[in-house]
2 protein chains.
Amino acid sequence: MSSVTSAPLGDTVRRLSSEERREQILRAALAVFGARGYVGTTTDEVAKAAGVSQPYVVRLFGSKESLFLAALAMALEDLLAAFRAALEKDGDLPPTTRIGRAYVDLLRVRGLHQTLAHAYLLGGHPVIGPAARRGFAQVWRFFREEAGMDVDEAHRHMAEGMLISTMIGLRLVDDYDGDDSISEIFQSCFPTQLTHVLEMIPRGDEPW
Amino acid sequence: MSSVTSAPLGDTVRRLSSEERREQILRAALAVFGARGYVGTTTDEVAKAAGVSQPYVVRLFGSKESLFLAALAMALEDLLAAFRAALEKDGDLPPTTRIGRAYVDLLRVRGLHQTLAHAYLLGGHPVIGPAARRGFAQVWRFFREEAGMDVDEAHRHMAEGMLISTMIGLRLVDDYDGDDSISEIFQSCFPTQLTHVLEMIPRGDEPW
DNA sequence: GTCTATACCAAGATAGAC
DNA sequence: GTCTATCTTGGTATAGAC
């Protein structure tokens with residue numbers, strides 16, 4: 001990625017290669033899609049977040065739909081890469097626990113969990129639906145075939161993941177201090193990484 | 001509900017009271033919101049599904065936003081009512097299992113699970129966000145205070161619920177026959193109610 | 001590679017008749 | 001209580017210059 005081939009030497013503020021721009025726009029798109037959902041996102045907001053013009057993001061990706069598909073694909077790659085890294089890296093914790101940690105650490109990739117969750121709810125969409133199903137099945141297969149979980153364990157991890165994504169998307173933290181039942185559920189979800197999570201999670205005052 | 005006060009006697013095809021219309025439109029709205037999400041839903045599609053005109057649904061609810069809030073409130077009422085009924089009705093199964101079954105049976109209320117899931121992802125929305133958080137906390141409190149679950153049990157039920165909602169929204173059934181990993185996860189989610197579920201679940205060929 | 005200007009359409013909301 | 005007609009906004013996508 002990001003090999004500079006076309007930019008002439010000596011440019012002070014050189015234009016980026018389209019590869020670099022794609023990556024930059026995709027990161028912005030992931031954050032915005034996560035916060036607003038597929039339909040709720042405007043290509044203009046993505047453009048603003050990436051610091052380019054709206055027609056340019058359409059130009060680069062063809063359409064909002066393809067942009068979403070690309071962001072979704074990137075999110076899944078990031079997810080599986082993080083899972084594989086957690087699996088290979090050895091440590092005192094069992095592999096299954098390391099994978100769970102990795103999932104929570106992915107909070108630092110803005111919009112990842114929420115964009116996946118949004119995609120998962122778009123099963124009725126003619127083109128996003130099938131892509132989302134493939135992605136979901138891919139994660140399941142990772143649990144079963146690469147991580148070596150049995151059906152029950154894979155099931156529990158999936159369920160746990162969905163709950164975590166939900167709590168991120170809900171911005172449950174916003175009410176963390178005022179509501180006892182909310183701090184209770186929060187603690188039950190992040191028994192070990194709570195402080196860490198509270199720092200990384202998006203809040204009401206920031207759009208994403 | 002639905003006490004007829006204003007319609008004159010003798011009308012053959014009498015106009016419905018606004019209470020009746022509200023209910024009818026809300027049911028339609030729940031189905032459409034579930035399939036398309038909040039932003040993806042048009043008031044016109046809701047109107048068509050309910051058999052009335054688009055301006056009329058806006059007239060009756062004030063705005064699309066209030067319509068969504070009303071549908072969300074109805075979904076939560078239905079959910080908690082079903083849980084309470086399952087809890088009170090005695091049977092051979094443990095209460096906790098009866099509640100789980102009740103959740104799956106709610107599949108017959110079109111769009112309920114998906115609308116809740118969509119609302120949960122809208123935490124960043126200034127008015128839907130807080131409503132969704134209140135609803136989520138309400139369910140948690142039901143588990144803890146009324147159903148008498150401990151934190152761990154409530155947590156597992158929540159997670160399981162989120163996974164089930166995801167699979168409905170994803171329309172995973174659409175690939176049920178072609179993909180081994182999908183039928184595997186499906187069976188692990190609905191060990192006892194599988195046939196029942198396969199009958200009730202929305203498919204790709206129907207919009208909702 | 002990136003922008004400005006703009007065409008074009010879809011959708012929420014309002015006015016007002018019946 | 002319910003409709004038709006319409007105003008208005010906002011958002012995707014295209015044209016075309018630099």
Side-chain angles (χ1 to χ4, degrees), chain A residues 1-26 28-29 32-33 35-71 125 127-128, chain B residues 1-26 28-29 32-33 35-71 125 127-128:
Chain A
M1 68 173 89
S2 75
S3 64
V4 182
T5 50
S6 55
L9 301 167
D11 272 22
T12 320
V13 183
R14 70 166 225 287
R15 299 182 305 194
L16 303 174
S17 75
S18 72
E19 264 314 299
E20 289 171 305
R21 275 292 188 221
R22 276 185 69 91
E23 170 86 13
Q24 182 185 22
I25 293 174
L26 278 178
V32 183
F33 280 130
R36 308 237 185 275
Y38 171 59
V39 192
T41 291
T42 69
T43 51
D44 191 54
E45 200 172 0
V46 173
K48 292 231 168 60
V52 297
S53 72
Q54 179 269 330
Y56 190 49
V57 3
V58 172
R59 164 71 78 111
L60 226 40
F61 289 87
S63 68
K64 177 175 152 178
E65 191 179 279
S66 328
L67 174 63
F68 186 81
L69 290 175
H125 185 108
V127 7
I128 297 178
Chain B
M1 69 169 91
S2 77
S3 66
V4 183
T5 50
S6 55
L9 301 167
D11 272 21
T12 321
V13 183
R14 70 166 225 288
R15 297 182 306 192
L16 302 174
S17 75
S18 71
E19 265 314 299
E20 289 172 306
R21 275 293 188 220
R22 277 184 69 91
E23 170 85 13
Q24 182 185 23
I25 293 174
L26 278 178
V32 183
F33 279 130
R36 309 236 186 276
Y38 171 60
V39 192
T41 291
T42 70
T43 52
D44 190 55
E45 201 172 1
V46 173
K48 292 230 168 61
V52 298
S53 72
Q54 178 268 329
Y56 189 49
V57 4
V58 172
R59 164 71 79 109
L60 227 41
F61 289 87
S63 67
K64 178 175 152 179
E65 189 179 280
S66 329
L67 175 63
F68 186 81
L69 291 175
H125 186 108
V127 8
I128 297 177

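Here is the naming used below: chain letters follow the sequence lines, and residue numbers restart at 1 for every chain.
- Summarising the geometry of B:Val46 relative to B:Ala28, their closest heavy-atom pair is O-CB, 4.0 Å, with the distance given to 0.1 Å.
- Between the C1' atom of D:dT12 and the CG atom of A:Asp44 lies a distance of 10 Å, rounded to the nearest Å.
- Spacing between atom CD of A:Glu45 and atom C1' of D:dT12 amounts to 15 Å, rounded to whole angstrom units.
- The CG atom of B:Leu60 sits 12.5 Å away from the OG1 atom of B:Thr43 when rounded to the nearest 0.5 Å.
- For the pair A:Phe61/A:Leu69, no side-chain contact is recorded, criterion being any heavy-atom separation below 4.5 Å from C-beta on.
- The shortest distance between side-chain heavy atoms of B:Ile25 and B:Leu67 falls below 4.5 Å.
- Every residue meeting the ring pair (Phe, Tyr, Trp, His ring centres under 6.0 Å) condition with B:Phe68, not counting sequence neighbours, appears here in chain and number order: B:Phe33, B:Tyr38.
- Between B:Ser18 and D:dG1, a side-chain N or O to OP1/OP2 separation shorter than 4.0 Å is present.
- For B:Tyr56, the ring pair (Phe, Tyr, Trp, His ring centres under 6.0 Å) criterion is met by no residue, not counting sequence neighbours.
- Atom CG of B:Leu60 is separated from atom P of C:dG12 by 16 Å (rounded to the nearest Å).
- A:Glu45 contributes no side-chain N or O that, together with a main-chain N or O of A:Thr42, makes up a donor-acceptor pair within less than 3.5 Å.
- Listed here is the closest heavy atom pair of A:Ala50 and A:Gln24: O-NE2, 3.5 Å.
- Here the side chain of B:Ser66 pairs no donor or acceptor atom with the backbone of B:Gly62 at under 3.5 angstrom.
- Proximity of residues 61-70 of chain A to DNA chain C (heavy atom under 4.0 angstrom from any strand atom) is not detected for any residue.
- A straight line from CZ of B:Arg36 to C1' of C:dA11 spans 14 Å, rounded to a whole angstrom.
- Screening residues 49-69 of chain A for salt bridge (charged side-chain N to carboxylate O under 4.0 Å, His left out) gives no qualifying pairs among residues at least two apart or on separate chains.
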Enumerate the protein-to-nucleotides 7-10 of chain C contacts in which both atoms are nitrogen or oxygen and the separation is below 3.5 Å.
none

Would you tabulate the nitrogen or oxygen pairs shorter than 3.5 Å linking the protein to nucleotides 3-5 of chain C?
| residue | atom | partner | partner atom | Å |
| --- | --- | --- | --- | --- |
| C:dC3 | OP2 | A:Ser53 | N | 2.9 |
| C:dC3 | OP2 | A:Ser53 | OG | 2.9 |

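- No donor-acceptor pair closer than 3.5 Å links the side chain of A:Glu23 to the backbone N or O of A:Glu20.
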